[in-house]
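What's counted below: heavy atoms across the whole structure, side chains too, no hydrogens, waters or symmetry copies.
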Amino acid sequence: MSFDKEQIQTYDVTDLTSLEKLEPVRIRPGMYIGSTGSKGLHHCIWEILDNSIDEIANGYGDKAKIILNKDKSVTIIDNGRGIPTGIHPIKHISGVEMVFTELHTGGKFNNKNYKTSGGLHGVGAAVVNALSEWLEVEVKQKGKIFTQRFEYAYDKELKRLMPGTPVSKLEIVGESTQTGSKVTFMPDKNVFTTLEFSSDFIDERLQELAFQNKGIILVFDDRRKEGNVPKEYHSERGLLDFIDYLNESKTVLHKDPIFFQGEKEINGLQLYGEVCMQFTDSTTEYIASYVNNIPTTESGTHETGFKTGMTRAFKEGAKKLNLLKEKDKEFEGDDLREGMTAIVRVKISNPIFEGQTKSKLGNNEAYSIMNELSYVKILEWIEDNKNMATNIINNAISASSRRDKIKKINEAERKKIGKGASPLAGKIAVCTLKNSDFTEFIVVEGDSAGGSAKQARDRRFQTIMPSKGKIMNTEKQKLENVLASEELKIFNTAIGTGVLENYSEKSLKYGKIIILSDADVDGYHIRTLWMTYIYRYMRSLISNGHLYMGMPPLYKVYRKTKNGEVVKYAYSDEQLAKTKKEIGKGALIQRYKGLGEMNPDQLWETTLNPNTRTLQQVTIEDAAKAEKMVSLLMGDVVAPRKNYMYKYAEF
């Protein structure tokens, strides 16, 4: 192969770009806050709040407050020591300016100021500043009130617009006997795809933080709403209150939760661990884990250590109680944890997180410490609670037996498929492309709508699965019944990932899983049933951003003309009035009762065409909230669900 030298683009030192100050954050925000969507927007709040909680957790102050302002800005206030206001001897700028304009600046890189901290990397405050239109800081310290303002503004030194530029020096504006920090920032609409903060999401996060830090006071003040009353969060029992909250809608097998704590040091790493666990009649486990108040949604070494130590303790306890003979097949950790709710909380002096968003802990020492702590403490509990321990172990032995049966059923199914008897044959219209970056798997409510969808779809990348109606409520079913469901077997085979501990993201055949149901009560119920199944058995589909809800229109608004029809669609009652105005005089309205009323062309235009449809992505912004809501809405305990409906439902 030969090249014409004149056609080769030159590449020299002038092509190299150097990003200055906070520009790297602005260019690649996802590296620092995970995304520029709702999750990343809320992450900005947590970055600032983490610093306040670190102050409180280390004994400085006892109160923090979040305010959502009417202009879409956010204010976070604490009564800690306040950000250092002195002038740095080398940098010759104030501590406040350093914290908000320089990456990797902070008081958390050694253990002098903070034994433990959630804000580890020293980039949180600066990142929030970089992604804001403006940010204002107020510090009460040394009997005075200091303020400074930063904006996306012209930098005289670099002679261009720069994020997080100081537009004022740190100034003294008053006096105060109090101490603490107040940070107000306006997220930049040019960075984020949404500026709408979720009060529910913030509410749940503050509730979690109160449970984890018993005795502190957290306040949420949503000033966007008329007549708003600030909400206060406080817990005296800590994790014991937390587990009551999580298991409110579940039937517990023992009234008093198992609770233990301890601390140890390995290789210079100090770790304090707390575990609270309780067994329920559910068929799935739920573990909420935290490091220095940060939710570790992808688990990590502390959670793995807890699981290993717990399994060791119960296996040894089974032998001591003569429940497991030497020749018997041992139960595994998955069998033991069936129906268990647990909260694993650790405080570590030097945590190693995987990524800036801190979703997974990597310290090997944390594994060793939690393994040993869990083993010793749970073994002690078994000695003191032999009857309850016997029930838990017998349940694990039964679960192990069921899993063996399920394994045999699955192997038999795989052999059938290997012989050509695929459960997909004739039931799913499969797309031609195989690249999951482009393909979509669409579950459509009803055979009629499914038939229209098969005609309307783009065969290259859209696979259609007609759903007969409502699948089983998997929250109330035993594992073997769920895996034996014919419709769920078809879904599982088509998706390709496997379920529970066998889930494999690499085997996922479709980048988007879309549930498409009618815009009525039955349709919403169908969505809820599918979401419950996926949350319990394929949770990574949600956490990795693959699950979507299709949003079919409620109304067709049209006007007849000489050349045919002018047509628009309205997806809500609020949108209907606006759409009628757009159509103009003589507008006619057709109310859709279901997807089955649409012909293939209408179905493509309104719900299948990527250029014109509306999809709603399903996320797990807060795993504890999701766990509680699935149990509340779909579980057997009626009273909490009734209370929730009376509070929120519109009858």
- Item | Donor-acceptor contact below 3.5 Å, side chain His43 vs main chain Ile33 | no

- Residues which pass ring-ring contact (aromatic ring centres under 6.0 Å, His included) with Tyr592, listed by chain and number, not counting sequence neighbours: none

- Non-hydrogen side-chain atoms of Met538 and Thr497 separated by less than 4.5 Å: yes

- Query: Checking side-chain contact (heavy atoms from CB on, under 4.5 Å) against Leu131, which of Val25, Leu22, Leu41, Asn190 comes through?
  - Reply: Val25

- Query: Any side-chain donor paired with an acceptor under 3.5 Å for Asn228 and Asp221?
  - Reply: yes

- Can you find a pair of side-chain heavy atoms, one from Asp188 and one from Ser132, that are under 4.5 Å apart? no

- Note on the structure: Contacts of Lys470 meeting side-chain hydrogen bond (donor to acceptor under 3.5 Å, both in side chains) (sequence neighbours excluded), chain-then-number -> Asp522, His525

- Message: Here's one to test your reading of the geometry: is the NZ or CZ of Arg205 within 45 degrees of the ring axis of Phe220 and under 6.0 Å from its centre?
- Response: no

- Salt bridge or not for Lys231 and Asp203, using N-O below 4.0 Å? yes

- Query: Is there a side-chain contact between Phe192 and Pro29 (heavy atoms, below 4.5 Å)?
  - Reply: no

- Task: Step by step, work out the side chain to side chain contact (heavy atoms under 4.5 Å, CB included) result for Thr75 and Lys182.
- Result: CA-CA 7 Å; Thr75 301; Lys182 176 182 176 182; 3.8 Å; yes

- Going by heavy atoms in the side chains, are Pro553 and Met598 under 4.5 Å from each other? yes

- Item | Under-4.0 Å salt bridge between Glu151 and Arg149 | yes

- Query: Heavy-atom distance under 4.5 Å between the side chains of Phe491 and Ile513, does that happen here?
  - Reply: yes

- Query: Is there a donor in the side chain of Tyr32 and an acceptor in the side chain of Glu47, or the other way round, less than 3.5 Å apart?
  - Reply: no

- Does NZ or CZ of Arg539 fall inside the cone over Tyr535's six-membered ring, less than 6.0 Å from its centre and within 45° of the axis? yes

- Message: What I want to check is whether the side chains of Asn492 and Tyr537 have a donor and an acceptor closer together than 3.5 Å.
- Response: no

- Message: I want to check something: taking the side chain as every heavy atom from C-beta on, are Val618 and Ile534 in contact at a cut-off of under 4.5 Å?
- Response: no

- Query: Side chains of Leu615 and Met551: closer than 4.5 Å at any heavy-atom pair?
  - Reply: no

- Message: Regarding Thr296 and Ser289, do their side chains bring together a donor and an acceptor under 3.5 Å, going by distance alone?
- Response: yes

- Item | Side chain to side chain, Leu541 and Tyr503, heavy atoms closer than 4.5 Å | yes

- Of all residues at least two apart in sequence or in a different chain, which pass the ring-ring contact (aromatic ring centres under 6.0 Å, His included) check with Phe211? Phe242, Tyr245

- Message: So, applying side-chain contact (heavy atoms from CB on, under 4.5 Å) with Val74, which one of Val183, Thr184, Ile66 is it?
- Response: Ile66

Which atom pairs, donor and acceptor, lie under 3.5 Å between side-chain atoms of residues 438-446 and protein residues at least two apart or in another chain?
residue : atom : partner : partner atom : Å
Thr439  : OG1  : Asn435  : O            : 3.4
Thr439  : OG1  : Lys509  : O            : 2.9
Glu440  : OE1  : Gln462  : NE2          : 3.1
Glu440  : OE1  : Arg613  : NH1          : 3.0
Glu440  : OE2  : Arg613  : NH2          : 2.6
Glu445  : OE1  : Asp518  : N            : 2.8

- I would like to know whether Leu68 and Ile202 meet side chain to side chain contact (heavy atoms under 4.5 Å, CB included); could you show each step before the answer? CA-CA 10 Å; Leu68 297 184; Ile202 295 169; 3.9 Å; yes

- Task: Apply side chain to side chain contact (heavy atoms under 4.5 Å, CB included) to the pair Leu547 and Met549, showing each step before the final yes or no.
- Result: CA-CA 7 Å; Leu547 183 61; Met549 295 294 126; 4.2 Å; yes

- Item | Those residues that, when tested against Phe197, pass ring-ring contact (aromatic ring centres under 6.0 Å, His included) (two or more places apart) | His42

- Check: Ala130 main-chain N/O paired with Arg26 side-chain donor or acceptor under 3.5 Å: yes

- Message: Keeping Asn69 on the side-chain end and Asp71 on the backbone end, is there a donor-acceptor pair under 3.5 Å?
- Response: no

- Query: Pairs in or reaching into residues 548-560: which pass side-chain hydrogen bond (donor to acceptor under 3.5 Å, both in side chains), with residues at least two apart or in two chains?
  - Reply: Tyr548-Gln617, Tyr555-Asp573

